[in-house]
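Sequential numbering from 1 along the given sequence is applied to the chain's residues. Only a predicted model underlies this, so the values are computations on that prediction, with no experimental measurement involved.
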Amino acid sequence: LIQYLKSIESPFLPKIQEVYTQVKDILNTRIQNVFPNYTLHNTGHSFRIMQYMSKLVKDLSCLNELEIVLLVYSALLHDIGMAVSEDDITAIKGETFEFCEIKFSAMKKICSEDEDLAIQEYIRRIHASLSGRYILNNLNEKLIIPQLPSLDFTKELALICESHTEGYDWIKSNLSTNEVRGDYRFNSQYIAAILRLADILDI
């Protein structure tokens, strides 16, 4: 995917590099701290997903540039919600975490009072939504159309990343097949389906 964008001299590439620089340490270190017993959800996982995506989409020229960019970003960012902060963990344990209605005390009961396991299971269940939150709160100034910085695709990417733990009906209800940004049209449902398939293939 990146090689293809380089081959067409995509103006999106500098921002992709900026986003990668911002999140690589989060993906490579923080997630492992929170999920020490899980398969690594690091940049290696993201890169393998991109490779699977490029195999699932046999002819990248059938997609437009923004759709390919969305595939790259979704592969990179869909699990960043697993990298919760210590403040969030404290709020979860204190049952003051406003982002989710699940009670940590209930999760502990499910996990036989194993607090570490309960934290992991709690976050695992909501990590896709947390990925969306991270994108909305931290990347809106980077997820823009080149030469048109007032046009961004932050909300759509957040929903695509959130969709990777959801089902077909959720995707149909929350994502469109025909979004428009400047000269680009993109199919969010298609991007979400490719992300989900590639993620499953790597797992």
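Contact between Ala118 and Cys111 at its shortest, heavy atoms only, is CA-SG, 3.7 Å. Minimum heavy-atom separation, Ala128 to Thr165: CB-OG1, 3.3 Å. Closest heavy-atom contact between Ser131 and Gly81: OG-N, 2.8 Å. The shortest heavy-atom contact between Ala192 and Ile171 is CB-CD1, 4.1 Å. Nearest heavy atoms, Pro14 versus Ser10: CD-O, 4.3 Å.
Between the CD1 atom of Ile80 and the CD1 atom of Ile26 there is a distance of 4.5 Å, given to the nearest 0.5 Å. Taking CG from Asn42 and CG from Asn28, the interatomic distance works out to 5.0 Å, rounded to the nearest 0.5 Å. Rounding to the nearest 0.5 angstrom, the gap separating the OG1 atom in Thr154 from the CG atom in Leu159 is 11.0 Å. Note: Glu98 CD to Ile92 CD1 = 12.5 Å, rounded to the nearest 0.5 Å. Atom CG of Leu71 and atom CG of Leu66 lie 10.0 Å apart (nearest 0.5 Å). Taking CD1 from Ile144 and CG from Leu151, the interatomic distance works out to 9.5 Å, rounded to the nearest 0.5 Å.
Phe97 has its side chain within reach of Tyr122: a pair of non-hydrogen atoms, C-beta onward, lies under 4.5 Å apart. Taking the side chain as every heavy atom from C-beta outward, Thr43 and Tyr20 approach each other to under 4.5 Å. Counting only heavy atoms from C-beta outward, the side chains of Asp88 and Ile123 never approach each other to under 4.5 Å. In this structure, Cys161 and Ile135 have side chains that are in contact, with non-hydrogen atoms separated by less than 4.5 Å. The shortest side-chain heavy-atom distance between Met82 and Arg124 does not fall under the 4.5 Å cut-off. Looking only at side-chain heavy atoms (C-beta outward), Ile145 and Phe153 come within less than 4.5 Å of each other. Contact check for Leu27 versus Leu76: side-chain heavy atoms found under the 4.5 Å cut-off.
With sequence neighbours excluded, the residues satisfying salt bridge (charged side-chain N to carboxylate O under 4.0 Å, His left out) with Glu156 are Arg181.
No single ILVMFWY cluster, assembled from side-chain heavy atoms under 4.5 Å apart, contains both Leu157 and Leu136. With hydrophobic clusters built from ILVMFWY side chains whose heavy atoms lie under 4.5 angstrom apart, Leu201 shares a cluster with Phe47. When hydrophobic clusters are built by joining Ile, Leu, Val, Met, Phe, Trp and Tyr residues whose side-chain heavy atoms come closer than 4.5 Å, directly or via intermediates, Leu56 is grouped together with Leu63. Taking hydrophobic clusters as Ile, Leu, Val, Met, Phe, Trp and Tyr residues chained together by side-chain heavy-atom distances below 4.5 Å, Met50 does not share a cluster with Ile200. When hydrophobic clusters are built by joining Ile, Leu, Val, Met, Phe, Trp and Tyr residues whose side-chain heavy atoms come closer than 4.5 Å, directly or via intermediates, Ile194 is not grouped with Tyr168.
In this structure, the side chain of Ser173 does not engage the main chain of Trp170 through any donor-acceptor pair within 3.5 Å. Between the Arg196 side chain and the Glu166 main chain, a donor and an acceptor come within less than 3.5 Å of each other. Side chain of Glu121 to main chain of Met107: no donor-acceptor pair is present (N/O by atom type, distance under 3.5 Å, no hydrogens or angles). In terms of modelled atom types and a separation under 3.5 Å, the side chain of Glu67 and the main chain of Asn64 share a donor-acceptor contact. Asp199 contributes no side-chain N or O that, together with a main-chain N or O of Leu195, makes up a donor-acceptor pair within less than 3.5 Å. Between the side chain of Glu95 and the main chain of Lys103, no donor-acceptor pair closer than 3.5 Å is present.
The environment of Glu141 atom CD is sparse: at most 12 non-hydrogen atoms of other residues, nucleotides or ligands sit within 6.0 angstrom. Annotation: Glu113, atom CD; neighbour count of heavy atoms from other residues, nucleotides and ligands within 6.0 Å is above 12. In the displayed structure, Asp183 atom CG is contacted under 6.0 Å by at most 12 heavy atoms of other residues, nucleotides or ligands. Counted within 6.0 Å of NZ on Lys155, heavy atoms from surrounding residues, nucleotides or ligands total 12 or fewer; the atom is thus considered open.
Aromatic pair Tyr73/Phe12: ring centres not closer than 6.0 Å.
Remark: the Ser61 side chain and the Asp59 side chain contain an N/O donor-acceptor pair separated by less than 3.5 Å.
Salt-bridge formation is detected for the pair Glu86/Arg30: a Lys NZ or Arg NE/NH1/NH2 atom is positioned less than 4.0 Å from an Asp or Glu carboxylate oxygen.
Using a 30° and 60° split on the angle between ring planes, His127 and His164 fall in the perpendicular class, above 60°. A tilted orientation is assigned to the rings of His78 and His45, their planes being inclined by 30° to 60°.
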Side-chain donor-acceptor distances from residues 1-8 under 3.5 Å, at least two apart:
{"unit_1": "Ser7", "atom_1": "OG", "unit_2": "Tyr4", "atom_2": "O", "d": "2.6"}

Test log, rule side-chain contact (heavy atoms from CB on, under 4.5 Å), inputs Lys15 and Val69 = CA-CA 10 Å; Lys15 289 298 182 185; Val69 167; over 6 Å; no
inquiry  = Could you walk me through whether Tyr190 and Leu70 satisfy the side-chain contact (heavy atoms from CB on, under 4.5 Å) test, starting with their C-alpha distance in whole Å, then the side-chain angles of each, then the deciding distance to 0.1 Å, before giving a yes or no?
reply    = CA-CA 11 Å; Tyr190 178 78; Leu70 284 164; over 6 Å; no
ask   = What's the verdict on side-chain contact (heavy atoms from CB on, under 4.5 Å) for Ile191 and Ser74, showing C-alpha distance, side-chain angles and the deciding distance?
value = CA-CA 8 Å; Ile191 304 300; Ser74 66; 4.2 Å; yes
